[in-house]
Amino acid sequence: MSLLVVGSVAFDTIETPHGKRERIAGGSCVHFSYSAAYLTPVKMIGVVGKDYPKEFIDLLNERGIDTSGIEHTDGETFFWSGKYEGDMNEAETLETRLNVFGDFRPKVEGEDKDAKFVFLANGHPLTQLSLLEQLNNPTLVIADTMDLWIREFRPDLEKLLNKIDALVLNDGEARLLTGERSMIRAARKLLAAHELKLIIIKKGEHGSLAVTPDFVIATPAYPTEAVIDPTGAGDSFAGGTLGYLSLCGELNQGTLRRAIRYGTVCASFQVEDFSLDRHKGLTRADIERRLIDFEHML
Ligand code: AMP
């Protein structure tokens, strides 16, 4: 059974100290799926407008990703533009045009309703909730979110948090959501408030912290020399992590530790070029090679 993911499928315009790219393939669902697909079959649920090029869909299909759940509707595709400066740990959003993604309510059909591993990638909490409500009995549902939804749609987000198993977010978002400066306190507060199984806080070049009621896993980032564009690093991290968990079929301390290492390796490739460019030519063997390298460092 495929790992099911819903989220944005986008055009991104991105500026970093290494250059500017316009209307390149982006979106939380795309970046997540492209990495998860190294490890497990993936089915994407999303929406695009008439302007979305076939070549972007072809890229996903060539990776073996099932894109039959992407709706093609009248209107324009979601557009995001962002800029990175300095240490590039945080994007400055210049523009978000939700377009067809704005009030998107995904439809889950047939055997997808029985999906066991599910990722609610960054998007409106009501879009995330509406997918979740159509599932029969998922084993593990992990959601991502961002400052826009925390600031402007908090009641919807809180409703979502009460229905999922786990949340991934970055340190700035964790601070915004909980008011806590300590990341371990922020994680524990979220676990308790929403009876969650797992919180993963991403700290950019400082790695990640996974917190459950029973254990904590601290993982450094893979030391990448050339960060060209960090866009999608969080999604790629989540893709590698959940891709491995879905492959194993269960969440425990051992599988999670290894899953996070896969996620870290996927994210390290993601930042080495714009859009999907660095991942395009890679195979599972490249991921495994860097994982071995990483484990030697650890
Ligand atoms: P990340 O860098 O992993 O946090 O995710 C970057 C991706 O998120 C980009 O490719 C954007 O298209 C997408 N994105 C940005 N803002 C939003 C939003 N408000 N909702 C959904 N996706 C978004």
Side-chain angles (χ1 to χ4, degrees), residues 5-16 21-36 44-49 52 56 59-60 76-84 88-104 106 119-128 131 142-153 156-157 160 167-174 176 200-205 208 221 227-242 263-264 266-279:
V5 50
V6 65
S8 60
V9 181
F11 286 119
D12 284 350
T13 290
I14 291 158
E15 204 177 330
T16 83
R21 297 284 188 285
E22 303 208 7
R23 291 176 75 77
I24 52 180
S28 54
C29 191
V30 168
H31 289 304
F32 174 90
S33 302
Y34 216 67
S35 284
M44 287 171 69
I45 307 267
V47 64
V48 295
Y52 198 71
F56 285 4
L59 261 179
L60 299 165
E76 286 179 41
T77 300
F78 175 90
F79 172 83
W80 178 75
S81 98
K83 188 176 174 179
Y84 300 84
M88 295 201 277
N89 259 340
E90 202 133 5
E92 180 195 346
T93 293
L94 300 177
E95 195 179 351
T96 302
R97 278 186 252 144
L98 293 174
N99 296 333
V100 295
F101 187 56
D103 53 4
F104 174 54
F119 188 64
L120 309 174
N122 188 12
H124 196 304
L126 292 181
T127 302
Q128 296 173 306
L131 181 114
I142 305 189
D144 187 8
T145 194
M146 76 180 294
D147 55 351
L148 172 69
W149 315 116
I150 300 171
R151 275 187 229 282
E152 295 179 28
F153 297 87
D156 296 329
L157 183 60
L160 177 79
L167 181 69
V168 283
L169 69 180
N170 68 34
D171 43 4
E173 292 156 357
L176 187 65
I200 304 181
I201 299 182
K202 301 164 288 177
K203 301 185 292 168
E205 62 171 328
S208 66
V227 178
I228 302 298
D229 171 19
T231 307
D235 301 309
S236 175
F237 169 84
T241 302
L242 195 48
T264 303
C266 288
S268 74
F269 281 118
Q270 177 66 32
V271 302
E272 290 177 359
D273 208 341
F274 286 89
S275 188
L276 302 171
D277 290 0
R278 182 68 176 102
H279 281 292

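The analysis underlying the following values was restricted to heavy atoms, covering all of them including side chains, and did not include hydrogens, waters or symmetry mates. Just follow the structure's listing: the first ligand is 1, and inside any ligand the first atom is 1.
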Donor-acceptor list for residues 96-104 side chains, cut-off 3.5 Å, not counting sequence neighbours:
| unit_1 | atom_1 | unit_2 | atom_2 | d |
| --- | --- | --- | --- | --- |
| R97 | NE | E95 | OE2 | 2.6 |
| R97 | NH2 | E95 | OE2 | 3.4 |
| N99 | ND2 | T77 | O | 2.8 |

Legend entry - Under 3.5 Å donor-acceptor, Q128 side chain and A121 backbone: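 Yes, because the side chain of Q128 sits within donor-acceptor range (under 3.5 Å) of the backbone of A121.
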
Inset, instruction - Check for a donor-acceptor pair, side chain of S28 on one end and backbone N or O of S8 on the other, with a separation under 3.5 Å. - result: yes

Need the list: ligand 1 N/O atoms against protein N/O atoms, distance under 3.5 Å, rounded to one decimal.
| unit_1 | atom_1 | unit_2 | atom_2 | d |
| --- | --- | --- | --- | --- |
| ligand 1 | 2 (O) | G232 | N | 2.7 |
| ligand 1 | 3 (O) | G234 | N | 3.2 |
| ligand 1 | 3 (O) | D235 | N | 3.1 |
| ligand 1 | 3 (O) | D235 | OD2 | 2.8 |
| ligand 1 | 5 (O) | D235 | OD2 | 2.8 |
| ligand 1 | 10 (O) | D12 | OD2 | 2.5 |
| ligand 1 | 10 (O) | G27 | N | 2.8 |
| ligand 1 | 12 (O) | D12 | OD1 | 2.7 |
| ligand 1 | 12 (O) | G27 | N | 3.3 |
| ligand 1 | 22 (N) | S8 | OG | 2.8 |

Legend entry - Any E173 side-chain heavy atom under 4.5 Å of M146 side chain: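 A side-chain contact under 4.5 Å exists here.
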
Inset, instruction - Indicate yes or no: at least one non-hydrogen side-chain atom of V30 is less than 4.5 angstrom from one of M44. - result: yes

Legend entry - Lys/Arg cation over aromatic F269: R278, 6.0 Å, 45° cone: no

